[in-house]
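In what follows, a structure is listed as structure tokens, so that the remarks can point back to it.
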Amino acid sequence: QVQLVESGGGLVQAGGSLRLSCEAFRTFVVLNDMGWYRQAPGKQRELVAGLTSGDHTNYAESVKGRFTISRDNVKNTVYLQMNNLKPEDTGVYYCKTRPPYGSDSWGKGTLVTVSS
């Protein structure tokens, strides 16, 4: 079955940067729509950044200009580069894939904590 493995989360100071990785197994990120979501404490899960198989990107208003989603087809990995991090960015970040056929798959999540 499809599996997504996130990594790169951790503790970072406000204004710092972090890069999250999502490695996919038994599916190909080049063929799928990919997305990064986050869930802050006490809040609903929200879309942070999306990347379609046609290379269309979509960002939450709160992260525009600071976050960049990309993929490496050779490594079969999707990245989320996060710059100028703010305490409001704190949360568990989840990777999601939507293949052309079949159901969505989610990773287990990686925790990002931004201190002030």
Side-chain angles (χ1 to χ4, degrees):
Q1 62 194 54
V2 174
Q3 289 189 347
L4 304 176
V5 181
E6 303 103 330
S7 62
L11 176 64
V12 64
Q13 294 181 354
S17 298
L18 212 58
R19 188 180 75 162
L20 306 183
S21 299
C22 172
E23 187 175 6
F25 299 89
R26 289 181 286 278
T27 192
F28 295 99
V29 301
V30 67
L31 302 177
N32 302 345
D33 291 348
M34 307 296 300
W36 283 99
Y37 295 72
R38 72 184 175 196
Q39 188 163 19
K43 297 181 63 178
Q44 293 184 324
R45 189 174 302 183
E46 64 174 342
L47 175 68
V48 176
L51 177 63
T52 71
S53 60
D55 293 327
H56 172 77
T57 58
N58 182 43
Y59 296 96
E61 187 67 29
S62 61
V63 308
K64 287 181 179 178
R66 299 189 297 119
F67 290 11
T68 303
I69 186 172
S70 63
R71 66 176 128 229
D72 185 323
N73 297 329
V74 174
K75 295 183 179 295
N76 203 34
T77 298
V78 175
Y79 302 97
L80 183 67
Q81 179 66 46
M82 305 185 295
N83 298 326
N84 192 24
L85 283 161
K86 303 176 180 180
E88 305 91 90
D89 296 319
T90 293
V92 179
Y93 284 69
Y94 299 90
C95 181
K96 187 192 79 174
T97 184
R98 173 169 288 180
Y101 301 95
S103 59
D104 295 351
S105 296
W106 293 83
K108 298 295 185 181
T110 184
L111 178 63
V112 172
T113 303
V114 184
S115 64
S116 59

Subject >> Whether Glu23 side chain and Thr77 backbone form a donor-acceptor pair below 3.5 Å >> reply: no
Original post:
Under 3.5 Å, side chain of Tyr79 to main-chain N/O of Thr68, donor-acceptor pair present?
Top reply: no
**OP:** Evaluate the side chain to side chain contact (heavy atoms under 4.5 Å, CB included) criterion for residues Val112 and Met82: first the C-alpha distance (whole Å), next the side-chain angles of each, then the deciding distance (0.1 Å), finally the verdict.
**Re:** CA-CA 10 Å; Val112 172; Met82 305 185 295; 4.0 Å; yes
Less than 3.5 Å apart, which donor and acceptor atoms pair up between the side chains of residues 27-37 and the rest of the protein, not counting sequence neighbours?
{"from": "Thr27", "atom 1": "OG1", "to": "Asn32", "atom 2": "ND2", "distance (Å)": "2.6"}
{"from": "Asn32", "atom 1": "ND2", "to": "Phe28", "atom 2": "O", "distance (Å)": "3.3"}
{"from": "Asn32", "atom 1": "ND2", "to": "Thr97", "atom 2": "OG1", "distance (Å)": "2.9"}
{"from": "Asp33", "atom 1": "OD1", "to": "Ser53", "atom 2": "N", "distance (Å)": "2.9"}
{"from": "Tyr37", "atom 1": "OH", "to": "Lys96", "atom 2": "NZ", "distance (Å)": "2.8"}

**OP:** Could you list the residues that satisfy side-chain hydrogen bond (donor to acceptor under 3.5 Å, both in side chains) with Glu61, not counting sequence neighbours?
**Re:** Lys64
**OP:** Taking Glu6 for its side chain and Thr110 for its backbone only, find out whether a donor-acceptor pair lies under 3.5 Å.
**Re:** no
Original post:
Who pairs with Asn76 by side-chain hydrogen bond (donor to acceptor under 3.5 Å, both in side chains), at least two apart in sequence or on another chain?
Top reply: none
Subject >> Heavy-atom pair of closest approach, residues Asn84 and Arg66 >> reply: O-NH1, 3.0 Å
Original post:
So which heavy atom on Asp55 is nearest to which on Arg71, and how close?
Top reply: OD1-NH2, 3.4 Å
Original post:
Closest heavy-atom contact between Ser116 and Ala14?
Top reply: CA-CB, 4.4 Å
Subject >> Same apolar cluster (I L V M F W Y, side chains within < 4.5 Å links), Val12/Val63 >> reply: yes
Subject >> Between SG on residue Cys22 and NZ on residue Lys75, distance to nearest 0.5 Å >> reply: 14.5 Å
**OP:** For Tyr94 and Gln39, run side chain to side chain contact (heavy atoms under 4.5 Å, CB included): C-alpha distance rounded to whole Å, both residues' side-chain angles, the deciding distance at 0.1 Å, then the answer.
**Re:** CA-CA 8 Å; Tyr94 299 90; Gln39 188 163 19; 4.2 Å; yes
**OP:** Could you tell me which non-hydrogen atom of Pro41 sits nearest to which non-hydrogen atom of Thr90, and how far apart they are?
**Re:** CD-O, 4.2 Å
Subject >> Heavy-atom side-chain proximity of Leu51 to Tyr59 below 4.5 angstrom >> reply: no
Original post:
So, are Arg38 and Glu46 salt-bridged, with charged N and O less than 4.0 Å apart?
Top reply: yes
